[in-house]
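Letters A, B, ... are given to chains in the order of the sequence lines, protein chains preceding strands, and every chain is numbered from 1.
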Protein chains: 4
Amino acid sequence: MTPRTAKQFEAIRNSRRAQIMKTALELFAENGYQGTSISKISSRAKISKGLMYNYFQGKEDLLKTLIGEGINEILDLFDPNRDGVLTPEEFKFFINEIFSLMARKRKFYKLYFALMMQPSVRILTEQKINAVIAPMVSLLTDYYRRKNEDNPEMEALLMGALFDGIMLNYVFSPGNFPLDQIKDLLIKRFI
Amino acid sequence: MTPRTAKQFEAIRNSRRAQIMKTALELFAENGYQGTSISKISSRAKISKGLMYNYFQGKEDLLKTLIGEGINEILDLFDPNRDGVLTPEEFKFFINEIFSLMARKRKFYKLYFALMMQPSVRILTEQKINAVIAPMVSLLTDYYRRKNEDNPEMEALLMGALFDGIMLNYVFSPGNFPLDQIKDLLIKRFI
Amino acid sequence: MTPRTAKQFEAIRNSRRAQIMKTALELFAENGYQGTSISKISSRAKISKGLMYNYFQGKEDLLKTLIGEGINEILDLFDPNRDGVLTPEEFKFFINEIFSLMARKRKFYKLYFALMMQPSVRILTEQKINAVIAPMVSLLTDYYRRKNEDNPEMEALLMGALFDGIMLNYVFSPGNFPLDQIKDLLIKRFI
Amino acid sequence: MTPRTAKQFEAIRNSRRAQIMKTALELFAENGYQGTSISKISSRAKISKGLMYNYFQGKEDLLKTLIGEGINEILDLFDPNRDGVLTPEEFKFFINEIFSLMARKRKFYKLYFALMMQPSVRILTEQKINAVIAPMVSLLTDYYRRKNEDNPEMEALLMGALFDGIMLNYVFSPGNFPLDQIKDLLIKRFI
DNA sequence: GATGAATGAGAATTCATTCAT
DNA sequence: CATGAATGAATTCTCATTCAT
């Protein structure tokens with residue numbers, strides 16, 4: 001009736017939407033995309049199945065949205081207004097950021113990895129993901145170029161692979177992979 | 001008139017079996033385990049759905065067999081009754097072997113990774129896979145212990161993560177990941 | 001506009017559920033449990049196959065529910081708050097009840113017998129069924145013991161077998177088996 | 001080549017045929033008709049699936065043959081060109097025969113009952129079965145008529161039902177149903 | 001907005017039967 | 001006569017999506 005009511009409606013919508021996405025992320029990470037049914041999501045999110053389709057066009061749309069928002073959050077972190085120069089100090093900061101992000105967003109990365117491995121799903125998300133990978137690689141390459149390494153591209157690839165491997169191990173077996181010690185060793189070895 | 005001989009039957013079985021496994025590996029790698037239906041496998045293998053069940057007990061059995069054979073091939077490589085001591089020379093050999101294996105068995109590793117990421121599928125294969133991972137980790141740990149590193153376990157984990165990352169990148173984007181150069185750099189940096 | 005009320009939903013569920021169970025009982029009785037497909041049930045009940053699974057967990061659950069409800073109705077009749085003593089008068093009453101039940105629930109007994117005969121299905125329902133058989137047998141045994149028969153257990157078994165035989169004949173060939181006359185003769189002969 | 005060889009072939013055929021039928025009867029009795037696959041029968045009978053179809057037109061033909069032979073054996077027993085008069089002595093003999101038959105042919109009766117309960121299967125065997133039931137009923141009716149019972153048909157039906165019930169109980173729970181004691185009690189009570 | 005009943009396509013699996021050899 | 005590989009239809013069951021209310 002009143003404007004305030006409209007706002008309340010919107011608040012409800014937003015919170016419900018967030019609730020659905022949170023639940024879906026959890027379930028996708030636990031059981032995989034294909035292994036998670038709309039039914040399970042809606043019941044765990046305590047809404048009706050039908051209502052899901054009021055918030056998302058379908059299961060695929062839900063997935064894309066989830067990945068999209070995850071990527072956006074990451075992009076926000078590594079926000080670009082920097083000069084493109086990575087000093088050793090900044091590198092340390094960068095590593096800290098990545099590791100902290102990893103721990104905070106473990107479920108998202110679990111889903112992200114699981115999806116990366118399924119080429120059929122990958123297509124759905126590839127563009128978004130490349131948008132975040134590319135600048136990191138180029139930042140790293142520049143870093144090694146400035147250090148006058150023989151083959152800065154290769155060094156960047158190797159370091160990128162190392163990050164990937166660390167994430168992989170941490171995300172899927174956090175119990176067996178002490179992130180803090182790994183981080184310290186990484187800094188000691190490579191910076 | 002006369003029935004087929006036992007040898008003839010065995011030949012048929014072997015070739016069909018191989019044909020099914022090849023097709024299944026491809027499709028599992030392409031679309032994931034859950035994303036691949038028995039129907040798709042059988043039609044791509046140009047056999048009837050029913051025949052699948054003459055060769056494998058079911059989809060799960062097919063998967064396990066696939067993983068099992070892959071693992072066995074790897075174990076054969078790293079099996080040797082060696083003394084458990086890894087010299088730098090042997091480490092180089094080891095790396096060469098891994099990289100060569102990776103290139104030859106790319107599809108298998110793609111599948112292997114895809115499976116690792118799907119928790120629901122993981123349990124089906126975890127035992128087999130651990131059987132091959134564990135000895136490698138302990139070999140690496142010993143290697144670093146002998147080099148008097150402060151924290152050999154952590155060094156082994158880090159190196160393991162690096163291998164994982166390299167495999168991951170190569171397996172999923174071989175075009176963007178020049179394996180030979182990476183290998184050279186790896187040896188130069190770490191041995 | 002407004003969603004259906006909870007009551008409306010419940011009414012729909014109850015009627016659908018009853019409709020499915022009625023159809024299933026008929027078909028199970030006609031063609032046996034194994035000889036009746038979910039497809040046939042759903043098409044005769046004019047619903048989709050999928051909807052079956054909204055009401056029952058599966059074919060086995062449907063069967064168990066059917067048996068369960070039948071058994072419960074019987075248990076209600078022979079409800080136990082009696083003193084465990086069966087006088088000749090009560091025995092007459094008991095026989096009348098059984099015969100009346102038989103006539104009213106012919107389809108259920110047809111199913112019940114058909115199931116008893118299929119060992120693979122029997123185990124699914126054995127417990128429930130024993131729960132109703134056992135007290136009747138012990139009631140009969142007591143009756144004969146009080147009459148000072150030499151071998152009350154055997155008398156009870158024989159009478160039980162007679163009931164079974166009567167039910168069997170009536171249930172499967174009601175046209176050739178005049179229940180009323182049989183009942184009268186039974187009472188005349190045995191009480 | 002020689003006539004003797006031909007005879008040998010026939011002997012092999014006959015024994016193999018008997019072997020198949022024995023196995024099929026066992027499995028049908030254990031798991032029901034629908035619950036028994038041709039595959040199981042042939043493997044337990046140690047022949048190939050294909051050979052089954054050399055001996056029987058199909059599963060249904062196998063069933064009909066089985067029932068047919070069973071019925072024929074029974075008919076042979078009760079066949080005698082007797083005068084149609086049943087004295088009490090003969091009745092005792094008759095009962096003894098039935099009980100002995102029951103014990104010897106338990107598996108057959110188990111199958112027979114299981115089939116009787118499935119109307120769709122019943123049709124396949126009804127004629128054969130009536131051929132054996134009818135004369136028994138008329139024999140019993142005559143017996144009671146001669147004893148000047150008020151309602152000899154009903155007495156015969158009741159006695160027939162009792163036999164059915166006894167068979168039913170014995171065939172499906174031989175452990176709980178001591179046939180000898182039941183027989184003695186039956187003779188004592190009814191003759 | 002909200003519900004959950006209802007659908008229908010497709011999944012894994014089983015099995016009687018056929019057929020080349 | 002004998003084999004068992006091969007087929008295809010049928011079966012049970014799942015699930016994303018639609019829709020009447």
[X] side-chain N/O to [Y] backbone N/O, donor-acceptor pair under 3.5 Å:
{"X": "K59(D)", "Y": "Y33(D)", "answer": "yes"}
{"X": "Q8(B)", "Y": "T5(B)", "answer": "yes"}
{"X": "T36(C)", "Y": "L27(C)", "answer": "yes"}
{"X": "E60(B)", "Y": "L124(B)", "answer": "no"}
{"X": "K40(B)", "Y": "G35(B)", "answer": "yes"}

Value in whole Å for how far the [atom2] atom of [N] lies from [atom1] of [X]:
{"X": "Y33(D)", "N": "dT14(E)", "atom1": "OH", "atom2": "P", "result": "20 Å"}
{"X": "K49(C)", "N": "dA6(E)", "atom1": "NZ", "atom2": "P", "result": "17 Å"}
{"X": "Y55(A)", "N": "dA2(E)", "atom1": "OH", "atom2": "C1'", "result": "9 Å"}
{"X": "K59(D)", "N": "dA10(F)", "atom1": "NZ", "atom2": "C1'", "result": "13 Å"}
{"X": "L27(D)", "N": "dA16(E)", "atom1": "CG", "atom2": "C1'", "result": "16 Å"}
{"X": "F56(C)", "N": "dT14(F)", "atom1": "CZ", "atom2": "C1'", "result": "18 Å"}
{"X": "N14(D)", "N": "dC1(F)", "atom1": "CG", "atom2": "C1'", "result": "15 Å"}
{"X": "L62(D)", "N": "dC15(E)", "atom1": "CG", "atom2": "P", "result": "16 Å"}

Touch check for [X], heavy atoms < 4.0 angstrom, all strands: base, sugar-phosphate only, or nothing?
{"X": "G50(C)", "value": "base"}
{"X": "T36(B)", "value": "sugar-phosphate"}
{"X": "I12(A)", "value": "nothing"}
{"X": "L51(A)", "value": "base"}
{"X": "S42(A)", "value": "nothing"}
{"X": "S37(C)", "value": "sugar-phosphate"}

Q. In terms of the nearest nucleotide of DNA chain F, which residue is placed more toward the 5' end: Q34(C) or K40(A)?
A. Q34(C)

Q) Does N54(D) or S39(A) map to a spot on DNA chain F nearer the 5' end, using the closest nucleotide for each? A)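 Nearer the 5' end of the strand: N54(D).
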
Q) Hey, is the side chain of R13(B) pairing donor to acceptor with the base of dA5(F) inside 3.5 Å? A)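 Per atom types, no contact qualifies.
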
(Q) So if I take every side-chain heavy atom of I38(A) and compare against dT21(F), dT7(E), dA16(F), which nucleotide ends up nearest? (A)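 That would be dA16(F).
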
Q. Taking the six-membered ring of Y55(A), is NZ or CZ of R16(A) closer than 6.0 Å to its centre and within 45° of its axis?
A.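 The answer is no; the distance or angle limit is not met.
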
Q. Does the side chain of R16(A) get closer than 4.0 angstrom to OP1 or OP2 of dG1(E) through an N or O atom?
A.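 Negative; the distance criterion is not met.
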
Q: Compare side-chain N and O positions of Y53(C) against OP1 and OP2 of dT14(F) and report whether any pair is under 4.0 Å apart.
A: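 It does not, given that no N or O in the side chain of Y53(C) lies less than 4.0 Å from OP1 or OP2 of dT14(F).
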
Q: Under a 3.5 Å limit for both distances, which nucleotide forms a Watson-Crick or G-U wobble pair with dA20(F), could you say?
A: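 The answer is dT3(E), by the H-bond criterion.
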
